[in-house]
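Because only heavy atoms are used, hydrogens play no part in the values below, and waters and symmetry mates are left out as well, while side chains stay in. Computed from a prediction, not measured in an experiment: that's the story for all the values here.
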Amino acid sequence: MSKEELEVKIEKDEEKHQTEENVNKITSLKSLGPFISAQENSKNTIYVSDVPDICKEQPCMLGVDEAGRGPVLGPMVYGISYCPLKSKQALIDLGCADSKQLTEEKRDIIFNELNTLDYATECIGWAVEIISPNVISSSMYRRSKCSLNEVSMDSAMGLIQQAIDAGVQIAEVYVDTVGPPEKYQEKLLRRFPNFKITVAKKADSTYPIVSAASICAKVTRDHALKVWKFPEGLVIKDNAFGSGYPGDPVTKRFLAENIDLVFGFPRLVRFSWSTAENALADKAYEMEFDEPESEKPKYAGAKLTKFFNKTTKSGEIKREECRFLSQRHLCSVTDF
């Protein structure tokens, strides 16, 4: 191999390494889409950022929130964010406030700065779980049903555990509620008895650390929809399926136009939602599955109990003669 060829090979290897690194790590808003696009969207995906050293040394607050609970399309994303109790000002400087009041553009800016500005990366960490619509529907339809609340709580507790396993010194946990706050808080306290836990409605507008978690969750869900790949082969221009909420006319049109009359909806759709069920009932073929007729088991030889000793009313032990011996005119001999 010549020197020129070697230099070209090294250059290509470096480019490949950089590409793989970009796909496997989220370091900015720009790298979020490629990371999500590289995942299998029929399964859940968990991403945990690098943990700042200070979060392993000082007591931290941790916030939990979700995005995409109600839509009939796309994943639900749970997010956590954490930082030392003394670093609350960093969250305020980033602009972490009620994420519902922020525009999509503003959320993107905050997410990017959270991952690129030194003062943020030195004290703030985050993690998300992208919960596949396929997993959501399968959980709700399986024999031992798992409600959306249970899926949500399991995800939240799983992400908290991820932070613990990564070495974060958690002291306080703040959670935007799913269902009654008291029951949720009690469940979390049973799992994490050593933390101060607060579960509240609209926690993302009250606690900046929850708002940061909400921003991570919302931005991740938005980009998951933008880069969604249809394994069914559908080509949707600019992924124009609307917000995913049942009342969105664009979403309704997408549901109406993308029903396979036999197999139903693509994986993007949460088929356990009533909106999807109604659309299927109106358009798709009705399917009937034949149940196999129960058949009596065929004769499989003598039962084992046939060879056990039996006693008559007089107490005499009576046992049926073995067919092998009788056919050969043989008998058991006990006296010699």
Side-chain angles (χ1 to χ4, degrees), residues 36-37 39-45 65-78 100 104 128-156 158 176-180 183-184 217-218 220-295:
I36 298 172
S37 184
Q39 311 307 314
E40 170 57 63
N41 60 27
S42 66
K43 300 176 182 178
N44 291 359
T45 297
D65 201 4
E66 52 77 24
R69 181 178 172 81
V72 66
L73 301 180
M76 176 171 68
V77 179
Y78 253 82
K100 294 182 180 64
E104 182 179 344
V128 290
E129 181 174 20
I130 304 171
I131 306 172
S132 163
N134 188 62
V135 171
I136 293 172
S137 294
S138 298
S139 298
M140 296 175 72
Y141 268 159
R142 69 189 187 193
R143 184 167 295 178
S144 54
K145 296 184 185 301
C146 184
S147 69
L148 191 62
N149 279 0
E150 291 174 295
V151 172
S152 300
M153 291 178 187
D154 288 347
S155 179
D176 197 53
T177 191
V178 171
K183 289 186 178 180
Y184 195 3
K218 282 182 167 59
T220 300
R221 173 176 155 82
D222 289 344
H223 283 260
L225 290 173
K226 288 177 182 177
V227 300
W228 186 271
K229 293 180 180 178
F230 289 92
E232 302 83 7
L234 289 177
V235 178
I236 309 297
K237 187 178 179 181
D238 297 325
N239 284 9
F241 30 68
S243 65
Y245 283 92
D248 186 336
V250 178
T251 298
K252 285 183 176 179
R253 185 169 66 250
F254 171 83
L255 291 173
E257 293 176 352
N258 291 279
I259 297 177
D260 185 289
L261 299 184
V262 176
F263 298 106
F265 290 112
R267 287 178 185 171
L268 177 69
V269 179
R270 301 180 193 177
F271 52 82
S272 57
W273 259 232
S274 59
T275 308
E277 290 177 339
N278 294 337
L280 283 175
D282 291 340
K283 262 190 127 174
Y285 296 137
E286 290 187 12
M287 306 295 290
E288 292 184 4
F289 297 91
D290 292 334
E291 294 291 338
E293 294 181 4
S294 58
E295 297 180 358

query = Is the number of heavy atoms from other residues, nucleotides or ligands under 6.0 Å of Lys226 NZ greater than 12?
reply = yes
query = Could you go step by step and tell me if Tyr78 and Val128 meet the side chain to side chain contact (heavy atoms under 4.5 Å, CB included) rule?
reply = CA-CA 5 Å; Tyr78 253 82; Val128 290; over 6 Å; no
query = Between OG of Ser137 and CD of Glu277, what distance do you get to the nearest 0.5 Å?
reply = 9.0 Å
ask   = What closest approach, in Å, do Gly264 and Leu280 show between heavy atoms, and which atom pair accounts for it?
value = CA-CD2, 3.7 Å
message = So, using ring-ring contact (aromatic ring centres under 6.0 Å, His included) as the criterion, who are the partners of Phe271 when residues are at least two apart?
response = Tyr141
inquiry  = Quick check: closest heavy atoms across Ala156 and Tyr184, and the distance to 0.1 Å?
reply    = CB-OH, 3.3 Å
task = May I have the step-by-step check of side chain to side chain contact (heavy atoms under 4.5 Å, CB included) for Ser152 and Glu66, ending in yes or no?
result = CA-CA 8 Å; Ser152 300; Glu66 52 77 24; 5.8 Å; no
Interatomic spacing from CG in Leu73 to CG in Leu225 - rounded to 0.5 Å = 8.0 Å
ask   = Quick one: CZ on Arg221 to CD1 on Ile36, what's the gap to the nearest 0.5 Å?
value = 11.5 Å
ask   = Can you list the residues that meet the side-chain contact (heavy atoms from CB on, under 4.5 Å) rule with Thr275, with sequence neighbours excluded?
value = Val72, Pro246, Leu255
task = Could you list all the salt bridge (charged side-chain N to carboxylate O under 4.0 Å, His left out) pairs where at least one residue sits in residues 254-270, not counting sequence neighbours?
result = Glu40-Arg267
ask   = Do the non-hydrogen side-chain atoms of Ile136 and Trp273 ever get within less than 4.5 Å of each other?
value = yes
inquiry  = According to side chain to side chain donor-acceptor pair (under 3.5 Å), who are the partners of Lys43, at least two apart in sequence or on a separate chain?
reply    = none
ask   = Between Glu129 and Val77, is a side chain to side chain contact (heavy atoms under 4.5 Å, CB included) present by the stated rule, with each step listed?
value = CA-CA 6 Å; Glu129 181 174 20; Val77 179; over 6 Å; no
note = Residue pairs passing the ring pair (Phe, Tyr, Trp, His ring centres under 6.0 Å) test with at least one member in residues 245-267, sequence neighbours excluded, are Phe241-Phe254
query = Under the side chain to side chain donor-acceptor pair (under 3.5 Å) test, which residues partner Asp65, sequence neighbours left out?
reply = Ser214
query = Who passes side chain to side chain donor-acceptor pair (under 3.5 Å) against Thr220, sequence neighbours left out?
reply = none
remark   = Here the gap from Ser132 atom OG to Gln39 atom CD, rounded to the nearest 0.5 Å, amounts to 12.0 Å
task = Output all residues satisfying salt bridge (Lys or Arg N to Asp or Glu O under 4.0 Å) with Lys252, sequence neighbours left out; order by chain, then residue number.
result = none
message = Taking side-chain contact (heavy atoms from CB on, under 4.5 Å) as the definition, give me every residue that meets it alongside Asp222, ordered by chain and number, with sequence neighbours left out.
response = Glu104, Arg107
remark   = Contacts of Asp248 meeting side-chain contact (heavy atoms from CB on, under 4.5 Å) (sequence neighbours excluded), chain-then-number -> Ser243, Val250, Thr251
query = Can you tell if the side chain of Cys146 reaches within under 4.5 Å of the side chain of Met140, non-hydrogen atoms only?
reply = no
query = In Å, rounded to the nearest 0.5 Å, how long is the span from OG of Ser139 to CG of Asn44?
reply = 8.0 Å
request  = Begin from the C-alpha positions of Ile236 and Asn258 and carry the test side chain to side chain contact (heavy atoms under 4.5 Å, CB included) through to its verdict.
outcome  = CA-CA 10 Å; Ile236 309 297; Asn258 291 279; 4.0 Å; yes
key: Counterpart residues, side chain to side chain donor-acceptor pair (under 3.5 Å), relative to Thr45 (two or more places apart)   = none
note = One should read off an interatomic distance between Arg69 CZ and Asn149 CG, to the nearest 0.5 angstrom, of 4.5 Å
